[in-house]
Number of protein chains: 2
Amino acid sequence: MAAGSGKSNGEDSGTDTSVPQVEVRTLADLARVAGVSAGTVSRALAGKSLVNTETRERIQALARQYGFRPNQMASKLRSRRTGVIGVVIPLGHEKRQSISDPFFLTLLGQLADQLTESGYDLMLSRAIPDGTTDWLERITGSGMVDGVLVIGQSDQSEIIDRVAAHYRPLVVWGNHREGQVHCVVGTDNEHGGRLSAEHLIASGARRLAFLGDTTGIEIAMRRRGAAAAAQDAGLPLTHIPVALANAEMGPQIKAALAMPDLDYDGIVCASDLIAMSALRVLYETGRAVPDDTQIVGFDDLPLAAQTMPPLTTIRQEIGDGARVMVEKLKSRIEGEDTSSLAMAPTLIVRRTTLR
Amino acid sequence: MAAGSGKSNGEDSGTDTSVPQVEVRTLADLARVAGVSAGTVSRALAGKSLVNTETRERIQALARQYGFRPNQMASKLRSRRTGVIGVVIPLGHEKRQSISDPFFLTLLGQLADQLTESGYDLMLSRAIPDGTTDWLERITGSGMVDGVLVIGQSDQSEIIDRVAAHYRPLVVWGNHREGQVHCVVGTDNEHGGRLSAEHLIASGARRLAFLGDTTGIEIAMRRRGAAAAAQDAGLPLTHIPVALANAEMGPQIKAALAMPDLDYDGIVCASDLIAMSALRVLYETGRAVPDDTQIVGFDDLPLAAQTMPPLTTIRQEIGDGARVMVEKLKSRIEGEDTSSLAMAPTLIVRRTTLR
DNA sequence: CCGCTTCGTACAATCGATTGAATTTCGTTG
DNA sequence: CAACGAAATTCAATCGATTGTACGAAGCGG
């Protein structure tokens with residue numbers, strides 16, 4: 001600031017990078033400096049062809065020199081396009097907690113990449129599980145975003161559906177369900193659960209357990225798949241609900257697996273995180289993996305290959321998922337309609353199972 | 001649309017939840033419906049006292065009924081306050097890749113919580129390491145955010161400093177450095193490194209190695225601390241640079257630790273992730289932890305307690321860090337000045353060291 | 001019953017960029 | 001040389017909410 005105060009440092013005057021005396025904050029300011037009108041400056045910076053090439057370059061140079069950036073709010077207001085995508089993580093049935101599931105965080109990272117690639121900014125919101133039903137509307141209706149991605153349906157499926165009925169640019173990561181309105185991208189969880197149980201059975205397990213809370217539909221479907229496979233083989237599958245990704249998970253698993261009347265030799269885990277915790281508990285209680293008890297995880301997080309022994313698991317293609325979500329969202333923003341997609345999961349055999 | 005066309009569905013008229021015939025998108029629309037002026041509606045929705053209580057409640061009820069939400073862009077433009085905080089993760093020297101470091105992701109989650117708590121939205125950007133130097137200006141100067149948080153300085157310290165010189169509401173997670181302009185919150189990495197090495201030495205290690213790339217200042221400081229401790233004890237410390245958090249990390253560690261002429265019995269790891277990978281490599285190569293080789297991690301991720309054996313590590317208080325960052329940022333937005341803060345890390349002794 | 005304050009509301013300017021329409025400039029051509 | 005058309009630029013309306021000011025209606029004491 002200080003109005004320039006006539007600094008006469010030789011370098012500057014020589015190299016033509018004269019320090020700006022006037023502050024240029026608005027298009028109008030820059031227009032004044034350039035000796036043209038605001039409209040022309042706007043078009044010049046947008047690179048439109050209606051303005052003379054020479055003028056355009058001059059104006060762009062000036063903008064750079066003065067470090068001018070057009071005010072996004074004004075721009076977005078006028079052009080009715082924000083260039084922002086809202087990404088929401090509904091914490092749903094989980095108690096007040098922070099976003100901690102590494103799978104979701106990884107997906108978030110991938111989405112950030114994809115959106116950046118497509119020229120969008122990403123606005124992150126957690127949805128607070130306070131029983132309010134307008135957490136999604138607050139975002140879709142804010143006029144702040146061109147579209148919304150929801151990471152995980154949890155148990156909020158009806159709410160999402162209700163919003164989707166009148167808000168088109170919405171894509172959800174999760175599990176497709178019969179008669180569902182909103183566009184869902186996700187893994188075929190039921191199939192994944194089936195793969196998991198089938199592999200355990202093929203590897204010799206006879207008494208199966210499913211580890212994980214099934215309030216969220218995704219997990220419920222994994223269990224259903226596992227249960228179906230067990231039934232097909234005429235084997236039992238015990239359900240042990242434990243928290244998915246918070247501090248209680250560890251102790252819960254410990255307590256659950258130590259139950260004396262519980263008998264199992266194969267565990268289908270709702271996530272890799274749970275599997276890792278289970279692995280550790282089993283080790284502590286002296287049960288050998290995979291010899292005494294076999295385990296299959298779900299997700300194939302990068303960490304899954306690092307456990308000891310490395311985790312046999314069901315792989316979800318996070319990168320592909322993020323790519324598809326963003327693609328579909330872009331289509332929907334364009335007004336097209338898109339169908340849901342359930343991607344096939346794959347079994348990754350490592351060392352927590354016998355085959 | 002369609003001008004209402006006199007739909008006379010009986011249910012609606014009965015239950016008083018009359019479906020709106022006219023679309024209410026703007027303040028002016030709602031004002032028309034309520035029979036008042038737009039200004040009054042604005043004040044009513046903002047809960048200002050200047051408007052009659054009865055009128056206010058009537059208008060709020062109408063707004064709810066018509067599902068009206070004021071356009072944020074217009075609001076933000078006018079009030080010159082966006083209610084949005086930009087959060088940037090500079091990928092810095094790391095090659096083109098996605099945000100994957102679990103420590104940063106966890107910090108991000110905590111920041112999301114804190115910001116939501118304070119009524120801010122969070123706009124996420126990755127900074128692309130394309131050698132451009134204006135990645136930060138693009139965000140600070142966009143008029144889209146009231147302030148910016150940077151997660152990790154990496155090797156972009158000078159750029160951040162340059163921006164901080166004229167952009168006040170900026171707080172960075174990282175390592176404070178002499179003569180640095182910008183406000184940094186972080187762990188005392190040097191002290192952490194020292195704690196780590198000292199503990200190894202006290203536990204009997206005599207040939208130390210430091211595992212991790214030191215391009216980023218944070219890691220460099222951890223190494224410096226470790227090196228100082230080693231020197232104090234008259235012991236050597238070999239530096240083995242490996243990637244911090246990408247696909248190459250695993251193989252690199254494997255290759256590094258297998259080097260025949262490399263001799264070590266204590267490893268200071270730059271992060272828990274590296275430590276976990278190292279743990280696995282050592283196991284595969286038949287070296288017992290902690291008996292043959294001791295390891296100390298850094299971060300104390302939730303996973304650190306789950307490894308086998310559980311990881312001795314240096315704890316960073318992520319939650320506190322996030323809280324402090326947001327607090328300081330709010331102060332800076334208010335125009336106050338804030339000083340940097342280096343939080344003391346603590347040693348968490350588990351089972352990868354002998355004591 | 002009048003002038004005064006208090007309260008509630010309406011009016012209009014404003015935030016800053018965008019964009020369709022109007023206008024100016026300039027080179028061509030009949 | 002006038003008339004025309006294309007190119008470049010200016011003008012002015014617009015996006016939708018906010019807010020200072022002005023205005024009108026009650027309420028009050030004297």
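All heavy atoms count here, side chains included; hydrogens, waters and symmetry mates do not. Proteins get letters first, then strands, A, B, ... in listed order; numbering begins at 1 in each.
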Enquirer: Test of understanding: with side chain to side chain contact (heavy atoms under 4.5 Å, CB included), list the residues that count as partners of A:Glu334, not counting sequence neighbours.
Expert: A:Glu336
Enquirer: Students should find this one: the first and last nucleotides of DNA chain D, 5' to 3', lying under 4.0 Å from a heavy atom of chain A. What are they?
Expert: D:dA8 to D:dG16
Enquirer: Output all residues satisfying side chain to side chain contact (heavy atoms under 4.5 Å, CB included) with A:Ser157, sequence neighbours left out; order by chain, then residue number.
Expert: A:Gln153, A:Arg177, A:Gln180, A:His182
Enquirer: With axes from five pairs an end, tell me the bend angle of the helix from C:dC1-D:dG30 to C:dG30-D:dC1, nearest 10°.
Expert: 60°
Enquirer: Return the set of residues passing salt bridge (Lys or Arg N to Asp or Glu O under 4.0 Å) with A:Asp29 (not counting sequence neighbours), or none when no residue passes.
Expert: A:Arg32
Enquirer: Name all pairs fulfilling the side chain to side chain donor-acceptor pair (under 3.5 Å) condition that reach into residues 40-56 of chain B, sequence neighbours left out, sorted by first residue then second.
Expert: B:Ser37-B:Thr40
Enquirer: Listing time: all N or O pairs from protein to nucleotides 10-13 of chain C that are below 3.5 Å?
Expert:
unit_1: C:dA10; atom_1: OP2; unit_2: B:Ser37; atom_2: N; d: 2.6
unit_1: C:dA10; atom_1: OP2; unit_2: B:Ser37; atom_2: OG; d: 3.2
unit_1: C:dA10; atom_1: OP2; unit_2: B:Thr40; atom_2: OG1; d: 2.9
unit_1: C:dA10; atom_1: N6; unit_2: B:Arg43; atom_2: NH2; d: 2.8

Enquirer: Holding to side chain to side chain contact (heavy atoms under 4.5 Å, CB included), I want the full list of residues that pass it with A:Ser75, two or more places apart in sequence or in another chain.
Expert: A:Ser79
Enquirer: With sequence neighbours excluded, what pairs up with A:Val33 under the side chain to side chain contact (heavy atoms under 4.5 Å, CB included) test?
Expert: A:Val22, A:Val24, A:Leu62, A:Tyr66
Enquirer: Using the salt bridge (Lys or Arg N to Asp or Glu O under 4.0 Å) criterion, which residues pair with A:Asp161? Sequence neighbours excluded.
Expert: none
Enquirer: Which salt bridge (Lys or Arg N to Asp or Glu O under 4.0 Å) pairs, counting each pair once, include a residue from residues 77-90 of chain B, with sequence neighbours left out?
Expert: none
Enquirer: Please set out all donor-acceptor pairs under 3.5 angstrom arising from side-chain atoms of residues 162-171 of chain B, sequence neighbours excluded.
Expert:
unit_1: B:Arg162; atom_1: NH1; unit_2: B:Glu137; atom_2: OE2; d: 2.9
unit_1: B:Arg162; atom_1: NH2; unit_2: B:Thr133; atom_2: O; d: 3.4
unit_1: B:Arg168; atom_1: NH2; unit_2: B:Asp337; atom_2: OD1; d: 3.4

